[in-house]
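Note that the structure is a prediction, hence the values are computed from the model and not measured. The figures that follow rest on heavy atoms only: side chains count, while hydrogens, waters and symmetry mates do not. So you know, we letter chains A, B, ... as the sequences are listed, proteins then strands, and number each from 1.
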Amino acid sequence: MAPVVNIGQLHQHVGSSVTIEGWLYNKRSSGKIHFLQVRDGTGLVQCVVVKSAVTPEIFERSGLLTQESSCRVSGLVRQDDRAPGGYELDVEGIEIVQIAQEYPITHKEHGVDFLMDHRHLWLRVPRQRAIMRVRAEVQRAIFDFLDNRGFTRVDPPILTPSSCEDTTELFQTKYFDEEAYLTQSGQMYMEAAAMSLGRVYSFGPCFRAEKSKTRRHLIEFWMVEPEMAYVDHDENLRIQEQLVSHVVEHVLHHCEAELHTLGRDVEKLAKVPGSFPRMSYDDAIAWLRKNGFDIEWGDDFGAPHETALAGQYDQPLFIERYPTKIKAFYMQPDPLRPEVVLCADMLAPEGYGEIVGGSQRIADYELLNTRFDEHHLPRDTYAWYLDLRRYGSVPHSGFGLGLERTIAWICGLEHIREAIAFPRTLYRLYP
RNA sequence: UCCUCGAUAGCUCAGCGGUAGAGCAUCCGGCUGUUAACCGGAGGGUCGUAGGUUCGAAUCCUACUCGGGGAGCCA
């Protein structure tokens with residue numbers, strides 16, 4: 001049998017016989033000629049079976065293949081402009097691995113509910129494959145960037161004794177005789193790690209038991225959380241914009257075919273890399289009020305506000321220095337204006353909302369201690385976090401980047417659920 | 001939790017008071033360059049569940065169940 005190659009590498013084998021191992025994506029037949037579109041995860045190729053050119057057995061066998069049947073096909077690679085992808089295989093042999101039963105996902109349109117119930121099969125279509133490829137490259141770009149800048153990856157726990165913040169809802173579970181919760185952020189643990197390693201990051205799943213039911217929410221999502229000792233608010237923002245710029249450039253460079261499959265307007269993405277516009281919370285409120293929004297200083301932004309603000313720019317927009325009272329207890333107040341904190345949210349363009357949230361953290365023991373009182377935080381579970389401010393406390397900052405929201409934006413997805421292989425959403429735990 | 005929309009064949013939908021329909025998928029037949037191929041034929045449905053109105057309900061009403069979109073909150 002001819003050597004096995006990937007469909008994605010067929011252009012290197014023009015004129016020679018090869019074998020591909022994959023699944024039948026689609027078949028068209030004209031009585032004496034079969035067109036088999038075979039995919040293998042690396043690409044899609046049309047295989048031509050001409051009745052007069054093969055044995056009767058091979059011709060009959062290829063006619064038996066149903067959508068998504070698995071097969072090994074050998075043949076001669078030929079360049080052909082008529083074929084999608086530019087290359088074709090003149091079939092010389094075919095081995096049926098398994099004949100697929102009637103495949104639920106046809107080449108016609110399907111509803112969301114049906115597709116989500118068949119997510120395990122839906123993943124096979126070119127669009128979903130493209131998204132998974134981009135997801136992998138986004139992750140690779142993140143790791144490349146951070147690893148090349150002296151960051152050390154540290155893995156925080158998934159099971160935690162309590163919330164890292166006091167507002168959001170948590171998934172509760174049993175930890176022998178204690179209550180435990182699935183993590184919703186590794187940040188506080190990363191602050192501890194940063195005091196050991198300087199610059200660290202975590203990458204892992206987060207769980208939020210919020211009854212959020214929008215196209216921007218998942219119950220289980222993945223987050224990158226860098227934390228950096230001796231880094232202040234301004235440097236924090238510079239690192240964030242460099243990271244996001246790098247990710248976009250990497251995807252543009254490595255996922256050209258995937259972005260084309262997704263129909264993404266790459267011109268818009270090409271405008272992203274660089275330094276990002278910044279707007280103070282104060283200015284954002286003023287701008288919103290001037291543009292007809294009913295909002296006051298001290299209110300948090302809703303999705304329509306974020307979309308309107310970010311819609312003014314081609315690049316992600318930083319909104320910085322939010323009111324202290326609407327932000328997390330651990331954020332460092334602006335020394336000149338303690339009513340605001342040294343934080344920023346990064347809002348993606350095109351209405352994708354917040355993809356990064358970060359801040360400089362409180363380094364002062366007394367101030368953090370006061371915050372514990374104000375927020376009625378349990379001292380027994382958080383004693384260790386206060387400890388960090390007693391033994392060589394330093395200014396430090398960090399941020400969290402939501403992986404799926406970033407992917408949804410880069411891919412131009414209508415809904416975040418397509419950005420992860422098996423989304424956990426409100427009311428959906430299957431498959 | 002609230003607002004809003006929906007549930008009819010395997011899938012996508014039409015039918016909106018008078019015997020349940022189409023396209024695709026499946027099966028059979030035809031076609032040597034198809035591009036969501038096409039042409040002919042066949043099989044396939046307790047119209048989400050439970051009540052109610054009516055001579056008669058997929059259709060009107062009520063409740064429930066399950067989903068979609070959005071809000072709040074967040075990455």
Side-chain angles (χ1 to χ4, degrees), chain A residues 25-37 44 46-54 59 64 66-68 78 80-85 88 90 100-118 121-122 125-126 165-170 184-187 203-225 240 244 299-307 326-328 345-348 352-358 399-409 414-417 419-420 425-428 430:
Chain A
Y25 177 68
N26 202 3
K27 179 181 70 180
R28 299 186 192 88
S29 179
S30 301
K32 295 194 176 64
I33 182 166
H34 294 307
F35 297 98
L36 310 176
Q37 291 191 321
L44 184 72
Q46 177 157 282
C47 306
V48 185
V49 192
V50 178
K51 193 170 187 179
S52 58
V54 297
F59 190 78
L64 291 173
T66 55
Q67 187 187 353
E68 288 303 313
R78 177 171 47 75
D80 194 317
D81 294 336
R82 292 173 293 186
E88 278 190 347
D90 284 329
Q101 297 176 27
E102 186 179 340
Y103 200 67
I105 299 183
T106 67
H107 297 290
K108 297 286 175 178
E109 284 175 20
H110 296 282
V112 169
D113 196 33
F114 177 81
L115 288 171
M116 292 299 287
D117 279 340
H118 296 82
L121 303 177
W122 187 23
V125 310
E165 299 175 31
D166 53 354
T167 50
T168 32
E169 296 179 51
L170 298 168
Q184 59 164 2
S185 165
Q187 179 210 311
F203 178 64
C206 298
F207 307 87
R208 305 253 169 114
E210 298 160 0
K211 302 273 183 174
S212 297
K213 199 164 110 75
T214 80
R215 68 179 71 184
R216 294 180 307 279
H217 285 89
L218 292 170
I219 300 300
E220 178 183 305
F221 66 97
W222 289 64
M223 189 153 64
V224 185
E225 294 184 279
Q240 290 174 37
V244 172
D299 293 341
D300 208 350
F301 300 130
H305 306 125
E306 291 184 353
T307 302
I326 60 170
K327 284 292 179 181
D345 288 349
M346 188 196 295
L347 308 181
Y352 282 92
E354 182 184 348
I355 54 172
V356 179
F399 61 95
L401 179 144
L403 184 72
E404 287 80 11
R405 282 192 185 172
T406 303
I407 292 162
W409 162 52
E414 254 180 57
H415 200 298
I416 195 171
R417 67 184 156 219
I420 186 167
T425 59
L426 198 60
Y427 308 137
R428 186 174 287 282
Y430 177 93

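Listed candidates were B:G33, B:C73, B:G72. Nearest to the side chain of A:P304 is B:G72. Taking every side-chain heavy atom of A:F35 into account, B:U34 is the closest of B:C73, B:U34, B:C74. In this structure, of B:A75, B:C31, B:U34, it is B:A75 that holds the atom nearest to the side chain of A:F221. Each of B:A71, B:G33, B:A75 was ranked by its minimum atom distance to the side chain of A:R78; first place goes to B:G33. Closest to the A:K211 side chain, of the nucleotides B:A75, B:U1, B:G33, is B:U1. For A:I416, the side-chain atoms get nearest to B:A75 when compared with the rest of B:C74, B:A75, B:A36. With distances taken from any side-chain atom of A:V50 to the nucleotides B:U32, B:G33, B:G68, the minimum falls on B:U32. Here the side chain of A:A303 is nearest to one of B:A71, B:U12, B:U32, namely B:A71. Taking every side-chain heavy atom of A:K32 into account, B:U32 is the closest of B:U32, B:C73, B:A25. In the set B:A75, B:C24, B:A71, B:C24 carries the atom at the smallest distance from any side-chain atom of A:K108.
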Output, in order, the C-alpha distance, side-chain angles, deciding distance and verdict of side-chain contact (heavy atoms from CB on, under 4.5 Å) for A:L115 and A:E109.
-> CA-CA 10 Å; A:L115 288 171; A:E109 284 175 20; over 6 Å; no

side-chain contact (heavy atoms from CB on, under 4.5 Å) between A:F59 and A:H34: does it pass, once the steps are laid out?
-> CA-CA 8 Å; A:F59 190 78; A:H34 294 307; 3.3 Å; yes

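Heavy-atom distances to RNA chain B give each of A:S212 and A:L426 a nearest nucleotide, and the one nearer the 5′ end belongs to A:L426.
Between A:H110 and A:F114, the two ring planes are parallel [angle under 30°; tilted spans 30° to 60°]. Relative orientation of the A:Y25 and A:H107 rings is perpendicular, given thresholds of 30° and 60° on the angle between their planes.
In this structure, A:T214 OG1 and A:L426 CG are separated by 10.5 Å, a value rounded to the nearest 0.5 Å. Taken to the nearest 0.5 Å, the CD atom of A:E404 stands 12.5 Å off from the NE2 atom of A:H415. The OG1 atom of A:T425 sits 5.0 Å away from atom CE of A:M116, with the distance rounded to the nearest 0.5 Å.
Between the CG atom of A:N26 and the C1' atom of B:U34 there is a distance of 10 Å, rounded to whole Å. Atom NZ in A:K27 sits roughly 13 Å away from atom C1' in B:U34 (whole-Å rounding). The CG atom of A:D300 sits 14 Å away from the P atom of B:A71 (whole-angstrom rounding). Separating the CZ atom of A:F301 from the P atom of B:C73 is a distance of 12 Å, rounded to the nearest angstrom. Taking atom CD of residue A:Q37 and atom C1' of nucleotide B:G33, one finds them 12 Å apart after rounding to whole Å. One can place CZ of A:F59 at 11 Å from C1' of B:C31, the figure rounded to the nearest angstrom. Atom CG in A:L121 sits about 15 Å away from atom C1' in B:A25, given to the nearest Å. When rounded to the nearest whole Å, the span between CE of A:M116 and P of B:U12 equals 14 Å.
The C1' atoms of B:A25 and B:G67 are separated by 24 Å, rounded to the nearest whole Å. Atom name P, nucleotides B:A36 and B:G29: the rounded distance is 26 Å, in whole Å. Nucleotides B:C5 and B:C73 have their P atoms positioned 24 Å apart, rounded to a whole Å. Spacing of P atoms, B:G43 relative to B:G51, comes out at 33 Å, to the nearest Å. Rounded to the nearest Å, the gap between the P atom of B:U46 and that of B:G10 is 8 Å. Nucleotides B:A50 and B:U26, compared at atom P, are 33 Å apart to the nearest Å. Nucleotides B:U4 and B:G40, compared at atom C1', are 46 Å apart to the nearest Å. Rounded to a whole angstrom, the distance from the P atom of B:A63 to that of B:C28 is 50 Å.
Using a 4.0 Å heavy-atom cutoff across all strands shown, A:F114 reaches sugar-phosphate atoms only and no base atom. Among the atoms of the strands shown, only primed sugar atoms or phosphate atoms (P, OP1, OP2) are found under 4.0 Å from some heavy atom of A:G302. Across all strands shown, A:H34 has no heavy atoms under 4.0 Å from either base or sugar-phosphate atoms. Using a 4.0 Å heavy-atom distance criterion, A:H415 is classed as a sugar-phosphate-only contact. At a threshold of 4.0 angstrom between heavy atoms, the contacts of A:K213 include nucleobase atoms, whether or not backbone atoms are also involved. Looking at heavy-atom distances under 4.0 Å, A:E404 makes no contact with the nucleic acid at all. If you check every strand for non-hydrogen atoms under 4.0 Å, A:I105 touches nothing. Across all strands, A:S52 comes closer than 4.0 Å to base atoms (heavy-atom distances). Counting non-hydrogen atoms under 4.0 angstrom, A:D345 reaches nothing in the nucleic acid.
At the phosphate of B:G72, neither OP1 nor OP2 sits under 4.0 Å from any side-chain N or O atom of A:R216.
Shown here, B:G48 forms a base pair with B:C64; the pair counts as Watson-Crick or G-U wobble because both key distances fall under 3.5 Å. Nucleotide B:A71: paired with B:U1 (Watson-Crick or G-U wobble, both distances less than 3.5 Å). Base pairing analysis places B:A25 opposite nothing; no Watson-Crick or G-U wobble pair with both distances below 3.5 Å involves it. When both pairing distances are held under 3.5 Å, B:A14 makes no Watson-Crick or G-U pair with any nucleotide shown.
Remark: the A:R405 side chain and the B:C74 base include a donor-acceptor N/O pair separated by less than 3.5 Å. In this model, a side-chain donor or acceptor of A:H217 finds a partner on the base of B:C73 within 3.5 Å.
A donor-acceptor contact shorter than 3.5 Å links the side chain of A:R405 to the backbone of A:R216.
You'll find the side chain of A:T66 stays beyond 4.5 Å of the side chain of A:Y103, heavy atoms only.
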